[in-house]
Amino acid sequence: MFFRDCSGSVALSPAMRQCKASIRGFLLLRVLYMRLSRYFLPILRENPKEAEIVSHRLMLRAGMIRQESAGIYAWLPLGLRVLNKINAIVREEQNRAGAIELLMPTMQSADLWRESGRYDAYGKEMLRIKDRHERDMLFGPTNEEMVTEIFRAYVRSYKDLPLNLYHIQWKFRDEVRPRFGVMRSREFLMKDAYSFDLDQAGAIHSYNKMFAAYLRTFARMGLKAIPMRADTGPIGGNLSHEFIILASTGESEVFCHKNFLEMDTPPADIDFDDRATMQGVFDTWTSRYAATSEMHDAPAFEALPESEQVSARGIEVGHIFYFGTKYSEAMKAVVNGPDGKEATVQMGSYGIGPSRLVAALIEANHDDNGIIWPEAVAPFRVGLANLKVGDAATDAACASLYEKLEKAGVDVLYDDRDDRPGAKFATMDLIGLPHQVIVGPKSLAEGKVEMKNRRTGAREMLSVDEVLNKLGA
RNA sequence: CGGGGUAUAGCGCAGUCUGGUAGCGCGGAAGUUUUGGGUACUUCAGGUCGUAGGUUCGAAUCCUGCUACCCCGACCA
């Protein structure tokens, strides 16, 4: 606006002119950015042989990821868009629950881990590296030590509690056998949050807050995640839940009450600061039977009426832990309490794997033709297909639709490639955008375009205005 | 970490047994054709056959070492 106003009468300085030009260039780039002919979407027509499970196959075919080493992947533009959408939801829900984002480094000093005793305990899964000065470093598999170090450096008073710090950052665990694409990779993205409280009651409340936030997070992605009592593994502690989504290709066997599939998730305006409310959420969601095979209690499960038993396979998408003073004690993270005495802080940690979630979402949402993205995480909401590039009327209709959708802030990918209709349909179905707007000379002759719902397959013949209306543009 | 396997064009594969200087399909480029569910045809480009060494007049092919990747199990966000 400012530039348009001054461009007419006022002489611009060279710097201003350059600035204006670069802004115009930026806008132009933004428009071209989502034209398929100018995008980077390396689709594979054939199935890569190494991909055993459907999500891995579809991620490779849809040009979302590329393997660079065993268990190490590059995220291509389409995959990155999904990852970012997931991260955005995770962030919103973490913030809503009172967690605060920071960013810690991937490389850590071994000394930090020697303090907690985990440098030797962690085993070969931890990637150990020496720097040029022969100092022992490591690529972090998790961050309890580092966040505790940061906490103890600054926090001295109980008045600064409770505190929950999180980041979304790449982790490395040198898995013996990475497989299933990004489902079990060595390098993976993790949202890890760490809570600090003065006492156990406070720590339980922090745990419950994350518990509720996780239920909301997964629900927003269209996933029904079931919290299951879990083993704590090398993190330690005695209270822990895994969040599992049911999928036939899941890695673990799970058992639960069928009611989980119908339970309501906490609303957005629930009071995260009210202990009773949070405890209520926790109690409700842990009142029914739910366990992974490691924690399975067969007699208790079989005591349920058979019609209420669900025995299935599941994918772990989140894991939360309350471990008390395991790290704060070893690393001397203490605060002065109201009584003037030093108290060792109570901690918990809370992980979600966004990169794994991408695969899990595909496992839960696909058909023979490809991926079916839930709206909330779709790389683009709308796919606009021009069935006859070069036809003036079709080109004009697409350009107009494209521009209006863009202006309304609708994520749209415009397939303007000079290609056969069949190829475009196949591409759209493969990459799974929720809405397809199909524009060709036949329907256009009647003043209509076709809108197809990827999930239901339902097609409607609509006017351009009706399409814009439906998409909220 | 145990067991099994693979490595030849961007992807999927044949050729290896029986040594003679590399081929098919898809994809890519150019063209003609076609235009509402991966169109057909023509032409073209693209490979030091994972790597190092050995045997041989000659190695993708035979021998040895190494590396990478995949699968099955035991382990894990």
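In what follows, chains are A, B, ... by sequence order, proteins preceding strands, each numbered from 1.
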Does A/K191 have any salt bridge (Lys or Arg N to Asp or Glu O under 4.0 Å) partners at least two apart in sequence or in another chain, and if so, which?
-> none

Would you tabulate the side-chain donor-acceptor contacts of residues 387-400 of chain A under 3.5 Å, counting partners in other chains and residues two or more places apart, or write 'none'?
residue: A/D391; atom: OD2; partner: A/A393; partner atom: N; Å: 3.4
residue: A/D391; atom: OD2; partner: A/T394; partner atom: N; Å: 3.0
residue: A/D391; atom: OD2; partner: A/T394; partner atom: OG1; Å: 2.6
residue: A/D395; atom: OD1; partner: A/N386; partner atom: ND2; Å: 2.9
residue: A/D395; atom: OD1; partner: A/G390; partner atom: N; Å: 3.3
residue: A/D395; atom: OD2; partner: A/G390; partner atom: N; Å: 3.1
residue: A/S400; atom: OG; partner: A/K404; partner atom: NZ; Å: 3.4

Applying salt bridge (Lys or Arg N to Asp or Glu O under 4.0 Å), name anything that partners A/R179, two or more places apart in sequence or on another chain.
-> none

Going by atom type alone, with no hydrogens or angles, which donor-acceptor pairs under 3.5 Å involve a side-chain atom of residues 430-441 of chain A and a protein atom two or more places apart or on another chain?
residue: A/H435; atom: NE2; partner: A/E375; partner atom: OE2; Å: 2.4
residue: A/Q436; atom: NE2; partner: A/D429; partner atom: OD1; Å: 2.8

List for me each residue that meets side-chain contact (heavy atoms from CB on, under 4.5 Å) alongside A/L261, sequence neighbours excluded, and say none if there are none.
-> A/K224, A/I226, A/L246

Sort me out a list of protein N/O and nucleotides 1-5 of chain B N/O pairs below 3.5 Å, or just none if empty.
residue: B/C1; atom: OP1; partner: A/K124; partner atom: NZ; Å: 2.9

Check: B/G12 base within 3.5 Å donor-acceptor of A/N47 side chain = no

Inter-nucleotide C1' distance (B/G38, B/G65), Å rounded | 46 Å

With a 6.0 Å cut-off on ring centres, are A/H205 and A/F272 close enough?
-> no

Report yes if at least one side-chain N or O of A/K49 is closer than 4.0 Å to OP1 or OP2 of B/C13; otherwise report no.
-> yes

How does protein reach along nucleotides 23-29 of chain B, written 5' to 3' as B (base within reach of a heavy atom under 4.0 Å), S (only sugar-phosphate), or - (no contact)?
-> --BBS--

What residues, two or more places apart in sequence or in another chain, satisfy side-chain contact (heavy atoms from CB on, under 4.5 Å) together with A/A51?
-> A/H56, A/R57, A/L60

Given B/A77, B/C71, B/C69, the nucleotide with the shortest approach to the side chain of A/F188 = B/A77

Partner of B/C26 under the Watson-Crick or G-U wobble criteria, both distances under 3.5 Å, comes out as B/G10

Under a 3.5 Å cut-off for both distances, is B/A77 Watson-Crick or wobble paired, and to whom?
-> none

Could I get the full list of side-chain contact (heavy atoms from CB on, under 4.5 Å) partners for A/N259, not counting sequence neighbours?
-> A/H257, A/E262, A/R288

Partner of B/G2 under the Watson-Crick or G-U wobble criteria, both distances under 3.5 Å, comes out as B/C72

Among B/A77, B/G73, B/G38, which nucleotide sits nearest the side chain of A/R179?
-> B/G73

Mate of B/A40 where both pairing distances stay under 3.5 Å, Watson-Crick or G-U | B/U32

